[in-house]
Amino acid sequence: MLDQVKLISLPSVADARGVLTAIEGARDIPFEIKRVFYMHHIVQDRGGHAHRDTDQVVIAAAGSFSLEVFDGYHTKHFEMNDPTQGLYIPRMIFISMTGFAPGSVCLVIANSFY
């Protein structure tokens, strides 16, 4: 199942003012977007669980953190530090996020309501 976990390049446009990254459902994200949330002022590890019915894309909107995924057999590790990349994580994949740099913001796009 870990072969379904993949980095997604998010469309970004850079100019003299900076970089604008826009995310559109059904174009850039491989599911219908039903929920968006973000974590900030993070002082502890996050995750530590899997979702039965939720697919997600996790983005380091600011700062950096380590993200580990586990399918019950294999583990993959990702350094999340690029706001133009999101990590697609399908349901039933265990996720653990650690090592948040000060000021980090973790943005999550999900295909289910809370």
Side-chain angles (χ1 to χ4, degrees):
M1 287 194 41
L2 284 189
D3 60 336
Q4 295 177 15
V5 175
K6 63 183 176 184
L7 285 169
I8 298 171
S9 292
L10 304 171
S12 301
V13 177
D15 65 20
R17 300 168 292 175
V19 180
L20 182 131
T21 300
I23 301 167
E24 298 181 357
R27 284 191 176 172
D28 308 313
I29 304 298
F31 51 75
E32 180 184 358
I33 298 170
K34 293 198 175 165
R35 182 170 174 240
V36 176
F37 64 94
Y38 56 98
M39 296 170 275
H40 50 91
H41 295 92
I42 305 162
V43 296
Q44 297 186 244
D45 295 347
R46 300 295 309 229
H49 61 274
H51 293 276
R52 288 186 186 273
D53 301 315
T54 302
D55 299 332
Q56 302 180 102
V57 172
V58 177
I59 302 163
S64 63
F65 54 92
S66 296
L67 192 152
E68 188 174 273
V69 291
F70 178 65
D71 65 1
Y73 302 100
H74 302 97
T75 301
K76 277 189 180 177
H77 181 83
F78 296 88
E79 287 299 319
M80 304 301 295
N81 57 17
D82 183 349
T84 68
Q85 298 235 325
L87 185 66
Y88 170 66
I89 305 168
R91 62 195 74 197
M92 298 306 295
I93 299 291
F94 187 90
I95 179 175
S96 178
M97 295 179 285
T98 61
F100 287 91
S104 292
V105 176
C106 176
L107 176 68
V108 181
I109 301 169
N111 72 335
S112 63
F113 298 113
Y114 182 71

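What you are looking at is a predicted structure, and each value in this text was computed from that prediction instead of being measured.
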Original post:
M92: which other cluster members, linking ILVMFWY side chains closer than 4.5 Å, directly or transitively?
Top reply: M1, L2, V5, L7, F37, M39, I42, V58, F65, L67, V69, F78, M80, L87, I89, I93, I95, M97, F100, V108
Subject >> Verdict with reasoning, T98 to E68, per side-chain contact (heavy atoms from CB on, under 4.5 Å) >> reply: CA-CA 8 Å; T98 61; E68 188 174 273; over 6 Å; no
Subject >> Selection residues 30-46 - residue pairs positive for side chain to side chain donor-acceptor pair (under 3.5 Å), sequence neighbours left out >> reply: none
Original post:
Which heavy atom in L10 sits nearest to a heavy atom in P83, and how many Å separate them?
Top reply: CD1-O, 3.9 Å
Subject >> Audit row: S64, E79, side-chain contact (heavy atoms from CB on, under 4.5 Å) steps and yes/no >> reply: CA-CA 7 Å; S64 63; E79 287 299 319; 5.7 Å; no
Original post:
Which heavy atom in T84 sits nearest to a heavy atom in S12, and how many Å separate them?
Top reply: CG2-OG, 3.2 Å
Original post:
Nearest heavy-atom pair of G86 and V57: which atoms, and what distance?
Top reply: CA-CG1, 3.8 Å
**OP:** Quick one: closest heavy-atom pair of T54 and A110, and the distance?
**Re:** CG2-CB, 3.8 Å
**OP:** Heavy atoms only: give me the nearest G63-S104 pair and the separation to one decimal.
**Re:** CA-OG, 3.5 Å
**OP:** Provide the closest heavy-atom pair for A61 versus L107 in the form atom of the first, atom of the second, distance.
**Re:** CB-CB, 4.2 Å
**OP:** Apply side-chain contact (heavy atoms from CB on, under 4.5 Å) to I23 and I59, showing your working.
**Re:** CA-CA 11 Å; I23 301 167; I59 302 163; 3.7 Å; yes
Original post:
NZ of K76: more than 12 outside heavy atoms within 6.0 angstrom?
Top reply: yes
**OP:** Kindly check if the number of other-residue, nucleotide or ligand heavy atoms within 6.0 Å of NE2 (H49) is above 12?
**Re:** yes
